[in-house]
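Written out below as structure tokens is the structure these notes cover.
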Amino acid sequence: MLAGVDLFDDLLARELIQDSTDLDALRARLAEGPITVYYGCDPSADSLHVGNLIGLAVLRRFQLAGHRVIGLAGGATGMIGDPGGKSAERNLLDAAELTANVAQIREQMARFIDFDADPPAILVDNRDWTAQLSVLDFLRDPGKHITVQQMTGKESVRARLGSEQGLSYTEFSYMLLQANDFAHLAEHEGCELQIGGADQWGNISLGVELTRKRLGRHVHGFTWPLLVRADGSKYGKTAGGDTMWLGSHRMSPYAFFQGWMHIDDADVRRLLLQLTFLTPEECDEIATEHAAAPERRVGQRRLAREVTALVHGAEAAQAAQEASAILFGGDPTEASEAALRMVAGEVDTTSIDANDLVSGLDVVELLAASGVAASKGEARRLLEQGGIRLNGETISAERVVTGEDALYGSLVLLRRGKKRWHVLQVRE
């Protein structure tokens, strides 16, 4: 956080507080000094997704402001499944799947919070204190402090109780398990604040109540608005319908970058405010510039770069931006090797032997052999019509491809028409 910036005011300016316990009390507590805050993610998959981005960013904002932060990977609650926002019960994962998923989530959280800072962030797994809790202990301790009326009064529970699918006891117990997490972290880590998306308000408020009754402590909680589009639908998928995963094993940095390039113009300012660490003033300037010429996509481009850098690192964000420029008509000869290799990871490729480039390869035969053209006849027609580019240059049927064409000694970019790309990868 920038020097002189008040965290509470900054959260309000970014519209990151929706539901909350007493805001005046929270403001006063933050003014007293560092607080311990936690944000949890259930390992229902082996990667977090963009729905977790605000939470990770808010956790980082707290750490930058000097507070102690806890990231929780919900190995225990993940075995149950949160009924909030779901129309049917999720499939239950086994212990091995959860362990693997938790490991991935730990790695992804580590990109946002610093474990070597002062004070250092910590990561916890709620299985560590929940797995050893017997049924009788659970019913006698957290269970005796919370009434059924409190639990059925929560919106997420009411919605499922009134649905055709109903609500299993397994899912019904979820909110009490999460409430127990808050009480446990309050008792053992001095945690005073839980944060989460708006769909978590029922669980968070129950945790506040359980902590008060069990420990006699006054703790806090707040939620932010869910990450939704201007039309009210949830963010989380690309224009093509692919989930926007944070893990590169699930979604490449290039595809992640492109996902943000397709956001609605009306969402530019809000997403810059909530997902980036640009100042509100900078966000307003970018939004104003974008509004003056939306066709230039200044806002989307800046958002894509900032968020990709947060999730995948500055180098990956730079390469993704360059790769995007190449695939949309930029000069590949001016791109970095990282950008070209990123392009190779997104399009069809063919491996060719470096020795074959010494004497040169006939481009007609090369186009047919690589599948860029269906036959030599089609390759000749495409070349005669100026429909083939090699490293950005329109070429003829007489062209011979040699080692001098290999960018960085190993990559040759072919383009058929405006959108079909193919990379030749030179092997030694």
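Excluded from the calculations below are hydrogen atoms, water molecules and symmetry mates; all remaining heavy atoms, backbone and side chain alike, are included.
- Remark: side-chain polar atoms of Asp405 are paired, donor with acceptor, to backbone N or O of Thr402 under 3.5 angstrom.
- The NZ atom of Lys376 sits 14.0 Å away from atom CZ of Arg381, with the distance rounded to the nearest 0.5 Å.
- With respect to Glu337 and Arg341, a salt bridge is recorded, a charged nitrogen being found less than 4.0 Å from a carboxylate O.
- Side-chain polar atoms of His422 and Thr350 form a donor-acceptor pair below 3.5 angstrom.
- Between Pro119 and Gly66 the shortest heavy-atom distance is CD-O, 4.0 Å.
- Counting only residues at least two apart or in different chains, salt bridge (Lys or Arg N to Asp or Glu O under 4.0 Å) contacts with residues 268-280 comprise Asp267-Arg270, Arg269-Asp284.
- At distances below 3.5 Å, at least one donor-acceptor pair connects side-chain atoms of Gln274 with backbone N or O atoms of Glu15.
- Between the side chains of Asp331 and Thr333, at least one donor-acceptor pair of N or O atoms lies under 3.5 Å.
- The heavy-atom pair separating Ala198 from Gln18 by the smallest distance is CB-NE2, 3.5 Å.
- Arg217 and Thr211 share no donor-acceptor pair across their side chains, judged by distance under 3.5 Å alone.
- Between the Asn126 side chain and the Ala76 main chain, a donor and an acceptor come within less than 3.5 Å of each other.
- Using a 3.5 Å distance cut-off with no hydrogens or angles, the side chains of Glu398 and Ser396 do pair a donor with an acceptor.
- Residue pairs that meet the salt bridge (Lys or Arg N to Asp or Glu O under 4.0 Å) test with at least one member in residues 299-320, sequence neighbours left out, are Arg302-Glu306.
- For the residue pair Glu322 / Ser336, a side-chain donor-acceptor distance below 3.5 Å is found, with atom types taken as modelled.
- Side-chain contact annotation: Asp181 with Gln194, donor-acceptor N/O pair under 3.5 Å absent.
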